[in-house]
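So you know, we letter chains A, B, ... as the sequences are listed, proteins then strands, and number each from 1.
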Amino acid sequence: RKEVEQDPGPFNVPEGATVAFNCTYSNSASQSFFWYRQDCRKEPKLLMSVYSSGNEDGRFTAQLNRASQYISLLIRDSKLSDSATYLCVVNDSPNDYKLSFGAGTTVTVRA
Amino acid sequence: NAGVTQTPKFQVLKTGQSMTLQCAQDMNHNSMYWYRQDPGMGLRLIYYSASEGTTDKGEVPNGYNVSRLNKREFSLRLESAAPSQTSVYFCASSPGQGLPSYEQYFGPGTRLTVT
């Protein structure tokens, strides 16, 4: 079983729409959670960390549900520039800086 | 401030050839990582170096070796390339202590094809 699982999509949405997707993780002891963004044929970049209470960064909202072991990302008022693959990332231990990456969810925003 | 740099950007090898992928970071980070990315598989950790002078195996170390040459540089060597090593290779670094410890900064990647 993969440590981090994501719906690969693609999610095809019109500009201005809201899109949301989840990621599940297998290790109940996981400590830290992140969303990274990866554009086509580019390197991943940190989009946002995910905090227990949920957090927003502009049009992006991340939620963590420890009981059900999933993380979600919601994008409001989608822009063409939001088209990318979104990677769910988990760290299992505060003493270990290794990260486990999901395979990614692809979002395509159309005009 | 270049961040994380990798060379080469592209490489084609024949089965059995060897090569070294170079990675350097100028952010004074303690930890460095090598990943491979294959379609549908996500990023998989090959080796990492938590700090200068240490290296450890990740999820898929077979067929690879690494050297943490100094705090800035972390190289990945394929001793005898195999077609299964065709992939995109990313190097990354992170502060490794203090906050934010976990944010990893990636290089632009090396696209390797083994024929």
Between [atom1] of [X] and [atom2] of [Y], what distance do you get to the nearest 0.5 Å?
| X | Y | atom1 | atom2 | result |
| --- | --- | --- | --- | --- |
| E43(A) | L43(B) | CD | CG | 11.5 Å |
| N91(A) | S94(B) | CG | OG | 10.0 Å |
| K42(A) | F90(B) | NZ | CZ | 10.5 Å |
| Y33(B) | K98(A) | OH | NZ | 10.0 Å |

Part of [X] lying under 4.5 Å from any heavy atom of chain B:
| X | value |
| --- | --- |
| L99(A) | both |
| P8(A) | neither |
| K45(A) | neither |
| Q6(A) | neither |

Test of understanding: clusters of I, L, V, M, F, W, Y form through side-chain heavy atoms closer than 4.5 Å, transitively. Do [X] and [Y] belong to the same one?
| X | Y | answer |
| --- | --- | --- |
| V89(A) | V88(B) | yes |
| F33(A) | M48(A) | yes |
| L47(A) | L80(A) | yes |
| F101(A) | F34(A) | yes |
| Y64(B) | L13(B) | yes |

- Residues in residues 54-63 of chain A that sit under 4.5 Å from chain B, counting heavy atoms only: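 Answer by number: none.
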
Cut-off 3.5 Å, no hydrogens considered: what does the side-chain donor-acceptor table look like for residues 44-55 of chain B, sequence neighbours left out?
residue	atom	partner	partner atom	Å
R44(B)	NH2	D38(B)	OD2	2.8
S49(B)	OG	S51(B)	O	3.0
S49(B)	OG	T54(B)	O	2.6
S49(B)	OG	R68(B)	NH1	2.7
T54(B)	OG1	S51(B)	N	3.3
T54(B)	OG1	S51(B)	O	3.0

- Message: Once side-chain contact (heavy atoms from CB on, under 4.5 Å) is applied, do any residues pair with A29(A), and if so which ones, sequence neighbours excluded?
- Response: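 Checked A29(A) against side-chain contact (heavy atoms from CB on, under 4.5 Å); matches are N27(A).
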
- Item | Residue list, side-chain contact (heavy atoms from CB on, under 4.5 Å) with P83(B), at least two apart or on another chain |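 With neighbours one apart ignored, the set is T15(B), V114(B).
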
- Do side-chain atoms of Y36(A) reach the backbone of Q104(B) as a donor and acceptor pair under 3.5 angstrom?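 Flag set: sc Y36(A) to bb Q104(B) pair under 3.5 Å.
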
- Message: Less than 4.5 Å to any heavy atom of chain A: does that hold for the side chain of E59(B), its backbone, both, or neither?
- Response: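 Neither part.
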
- Item | Taking every non-hydrogen atom, the tightest pair across A103(A) and G40(B) |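 Smallest interatomic distance, heavy atoms only, reads CB-O, 3.7 Å.
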
